[in-house]
Amino acid sequence: MSAAAMSLDGKVALITGAASGIGRAASLMFAEAGAKIVACDLSEAVNETAQAVRDAGGEVMAVTMDAGSEPDVIAAVKAATDSYGGLDVLFANAGITGGLRGFFEGTPEVWAETLRVNLIGPFLAIKHGAPEIMKRGGGSIICTASVAGLRFGAGPAQYSASKAGVINLVQTACQSLAGTGVRVNAVCPGLTETGMTKPAYDMARAAGKEHKIGQINPLRRGGQPEEIASMALFLASDASSYLNGQAIAVDGGLSSSHPVAPGTVREVEEGLKTVREP
Ligand SMILES: NC(=O)c1ccc[n+]([C@@H]2O[C@H](COP(=O)([O-])OP(=O)(O)OC[C@H]3O[C@@H](n4cnc5c(N)ncnc54)[C@H](O)[C@@H]3O)[C@@H](O)[C@H]2O)c1
């Protein structure tokens, strides 16, 4: 295999949540890698993503749709096959937090809507996208989960549970597609600067605390949408041809640790001093 395996030349990629953040970054990056893009979102701003892709020389169509609605998902997949003749890559990325509530403030309505978009959405994308990808002899499906789906501490309860569900969904889907050549994986972003996290970033900046963002991961910073999109591109491409049924954290190292006692943190800092100032 060569570095050319990262190319998506001649492929058709459908991306949900493409109006903003990770989905917009992926639309631009996948197009740059040679794919024709079907950019889907609930928001009309998906047309701005499509314009940005066109301005960069890419081929794209915008579809306004609800990723948690079965008729809308069927229509989006049909738009891809009607316009571009097939489907090779599906990035089920649209997501919502459901609002920042405490565990006991959750309601069945909030849970149902969060699960509908974040978990049933990727299920529907796989259900209706995989048969088209199979017609091409195989391809790749990527779902956006989250470090919040790995364990407590990175989002509200309904959001974390929905993302844990996505991690199981890719395992189940990869097994359900055994022998078809369709790979299914998840990317688990840590804190990333997008529309979803804008309120937190805005609040930190307004309080002069921007330098504190992302300090709990070893890279000591938040991520940028392109740093998640590049993992999605790797998973979409033949460069990851033997990678299947996995959930890969892209989080600056956040999920590599158990909670640490203050003494352990001091030890690490003392150890680093001897390296920095030998
Ligand atoms: N930003 C982070 O820190 C972070 C961390 C972990 C996981 N994620 C996940 O990344 C994915 C992308 O989010 P983002 O961070 O780029 O946020 P974002 O808000 O910038 O983008 C999400 C997009 O999804 C769209 N969307 C919401 N509901 C939809 C629906 N029902 N149908 C179609 N589109 C819909 C929104 O309109 C928006 O354009 C989400 O699944 C999110 O849960 C984000």
Novice: Answer yes or no: does atom CG of Leu115 have more than 12 heavy-atom neighbours from other residues, nucleotides or ligands under 6.0 Å?
Specialist: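 Buried by this count: over 12 neighbours within 6.0 Å.
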
Novice: Side-chain contact test, heavy atoms from C-beta onward, threshold under 4.5 Å: evaluate it for Leu100 versus Pro156 and give yes or no.
Specialist: yes

Novice: Do you reckon Leu14 sits in the same ILVMFWY cluster as Val60, going by side-chain contacts under 4.5 Å, direct or chained?
Specialist: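 No, Leu14 does not connect to Val60 through the hydrophobic network.
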
Novice: Are Asp55 and Gln51 close enough that a side-chain donor and a side-chain acceptor fall under 3.5 Å?
Specialist: yes

Novice: Side chains of Thr81 and Val12: does their closest heavy-atom pair fall under 4.5 Å?
Specialist: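 They are not in side-chain contact.
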
Novice: Looking at His211, I want to see if its NE2 is surrounded by more than 12 non-hydrogen atoms of other residues, nucleotides or ligands under 6.0 Å.
Specialist: yes

Novice: Just wondering, do Thr192 and Thr197 contact through their side chains at under 4.5 Å, heavy atoms?
Specialist: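 No, their side chains stay 4.5 Å or more apart.
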
Novice: So do Tyr84 and Met61 actually touch side chain to side chain, heavy atoms under 4.5 Å?
Specialist: yes

Novice: Looking at Arg266 and Glu269, is there a salt bridge between them, counting it only when a charged N and a carboxylate O are closer than 4.0 Å?
Specialist: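 No salt bridge links Glu269 with Arg266.
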
Novice: Taking all non-hydrogen atoms of both residues into account, name the closest pair between Val184 and Ile126 and its distance.
Specialist: CG1-CD1, 4.1 Å

Novice: Are the side chains of Leu191 and Asn217 in touch, meaning some heavy atoms are under 4.5 Å apart?
Specialist: no

Novice: In terms of heavy-atom contacts, does CD of Glu32 have more than 12 from other residues, nucleotides or ligands at under 6.0 Å?
Specialist: no

Novice: Going by the rule side-chain hydrogen bond (donor to acceptor under 3.5 Å, both in side chains), which residues pair with Thr49 if we only count those two or more places apart in sequence or in a different chain?
Specialist: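 Arg24.
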
Novice: Taking C-beta and beyond as the side chain, do Lys127 and Val77 meet within less than 4.5 Å on heavy atoms?
Specialist: no

Novice: With respect to Cys188, which candidate in Val166, Leu254, Ile228, Ile167 satisfies the side-chain contact (heavy atoms from CB on, under 4.5 Å) definition?
Specialist: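 Of Val166, Leu254, Ile228, Ile167, side-chain contact (heavy atoms from CB on, under 4.5 Å) with Cys188 is met by Ile167 alone.
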
